[in-house]
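For reference, the structure discussed in these notes is given below.
All heavy atoms count here, side chains included; hydrogens, waters and symmetry mates do not. Every chain is numbered from 1 and lettered A, B, ... according to where its sequence line falls, protein lines coming before strand lines.
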Number of protein chains: 2
Amino acid sequence: MEIDPEARIDHGAPLPPYRQLAGILAARIERGDWQPNRAIPSESQLVQEYGLARATVRRAIAVLVEQGVLFVVPQRGTFVKPAGEV
Amino acid sequence: MEIDPEARIDHGAPLPPYRQLAGILAARIERGDWQPNRAIPSESQLVQEYGLARATVRRAIAVLVEQGVLFVVPQRGTFVKPAGEV
DNA sequence: TTTCATTTGTACGTATGTATT
DNA sequence: TAATACATACGTACAAATGAA
């Protein structure tokens with residue numbers, strides 16, 4: 001997919017921000033920013049880091065959960081899903 | 001699941017509105033309010049009919065799309081998915 | 001035990017974009 | 001030229017559960 005983990009959100013791009021963020025986060029996981037079973041930054045932190053609304057951040061996370069890249073534990077955080085099973 | 005297709009949204013119930021609506025719409029489809037390949041009411045109409053925010057209505061629809069009960073055609077409407085395949 | 005901050009879950013209202021009719 | 005309908009995004013608010021102080 002060739003996504004730069006250092007990329008910023010481009011509100012003028014054809015790809016909507018929530019998909020851009022999903023790609024960026026996936027690239028950062030791929031690169032090793034966060035290990036399996038470790039939490040990624042909270043939604044609030046991602047909101048500040050990427051300058052997006054929380055709803056947009058949540059949507060990006062939903063995409064990755066759908067893809068099996070992340071899993072969410074209510075009231076605890078969002079974690080990187082281990083490769084083959086748990 | 002025994003859901004009354006005539007039910008209204010109860011904001012005090014444990015089940016969140018978006019899930020209540022998903023159940024109600026599923027019950028109405030089951031009952032035959034809308035036939036396969038026919039459009040259900042637009043999001044705006046459902047917003048008015050059930051007194052919910054559009055985001056909530058969309059979420060309920062997303063649940064049914066996920067379950068294979070409905071399918072969305074952008075700019076055209078939301079349709080009842082035929083039973084076995086298309 | 002109580003309090004407080006953190007984090008995700010849910011919902012509201014509004015605005016703009018895009019494609020179809 | 002509108003009107004319609006879905007797509008996306010913003011900001012705000014409150015609830016519930018967790019964990020630390």
**OP:** Before giving the answer on side-chain contact (heavy atoms from CB on, under 4.5 Å), spell out for B/Trp34 and B/Leu25 the whole-Å C-alpha distance, their side-chain angles and the decisive distance to 0.1 Å.
**Re:** CA-CA 10 Å; B/Trp34 309 292; B/Leu25 293 179; 3.9 Å; yes

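Checking the phosphate oxygens (OP1, OP2) of C/dG13, no side-chain nitrogen or oxygen of B/Arg54 falls inside 4.0 Å. OP1 or OP2 of C/dT7 has not a single side-chain nitrogen or oxygen of A/Thr78 nearer than 4.0 Å. Note on A/Arg58: a side-chain N or O is less than 4.0 Å away from OP1 or OP2 of C/dG9. Considering only side-chain N and O atoms, A/Arg76 lies under 4.0 angstrom from the phosphate OP1 or OP2 of D/dG19.
Protein atom CD of B/Gln20 is 13 Å distant from nucleotide atom P of C/dT10, rounded to whole Å. Atoms OH (A/Tyr18) and P (C/dT16) sit 21 Å apart, rounded to a whole Å. In this structure, the CD atom of B/Gln75 is 11 Å from the P atom of D/dA5, given to the nearest Å. Counting to the nearest Å, the C1' atom of D/dC10 and the CG atom of A/Leu21 are 15 Å from each other. If you measure from atom CG of A/Leu70 to atom C1' of C/dT8, you get 14 Å, rounded to the nearest angstrom. One interatomic measurement links the two molecules: NE2 of A/His11 to P of C/dT16, which rounds to 16 Å at whole-angstrom precision. Residue A/Asp10 contributes atom CG, which lies 16 Å from atom P of D/dT8 at whole-angstrom precision. Rounded to an integer number of Å, the gap from A/Phe71 CZ to C/dT8 P is 13 Å.
In this structure, B/Glu49 places its CD atom where more than 12 heavy-atom neighbours from other residues, nucleotides or ligands lie under 6.0 Å away. No more than 12 heavy atoms of other residues, nucleotides or ligands lie within 6.0 Å of CZ in A/Arg38, so this atom counts as exposed by the packing criterion.
Inter-residue side-chain proximity for A/Leu46 and A/Leu52 is flagged as unmet; no heavy-atom pair is nearer than 4.5 Å.
Of the candidates C/dT10, D/dC10, C/dC12, C/dT10 carries the atom nearest the B/Arg19 side chain, counting heavy atoms from C-beta on.
Toward the 5′ end of DNA chain D lies the nearest nucleotide of A/Ala55, the other residue of the pair A/Pro74 and A/Ala55 mapping further downstream. If you find the closest nucleotide of DNA chain C to A/Ile40 and to B/Thr56, the one lying nearer the 5' end belongs to A/Ile40.
Ion pairing between A/Glu66 and A/Arg59 fails under the 4.0 Å rule for side-chain N and carboxylate O.
Side-chain atoms of A/Gln48 never come within 3.5 Å of backbone atoms of A/Gln45 as a donor-acceptor pair (strictly under, hydrogens ignored).
Remark: A/Tyr50 engages A/Arg28 in a side chain to side chain donor-acceptor pair (under 3.5 Å) (not counting sequence neighbours).
Residues of residues 42-52 of chain A that place a heavy atom closer than 4.0 Å to DNA chain C, in numerical order, are A/Ser42, A/Glu43.
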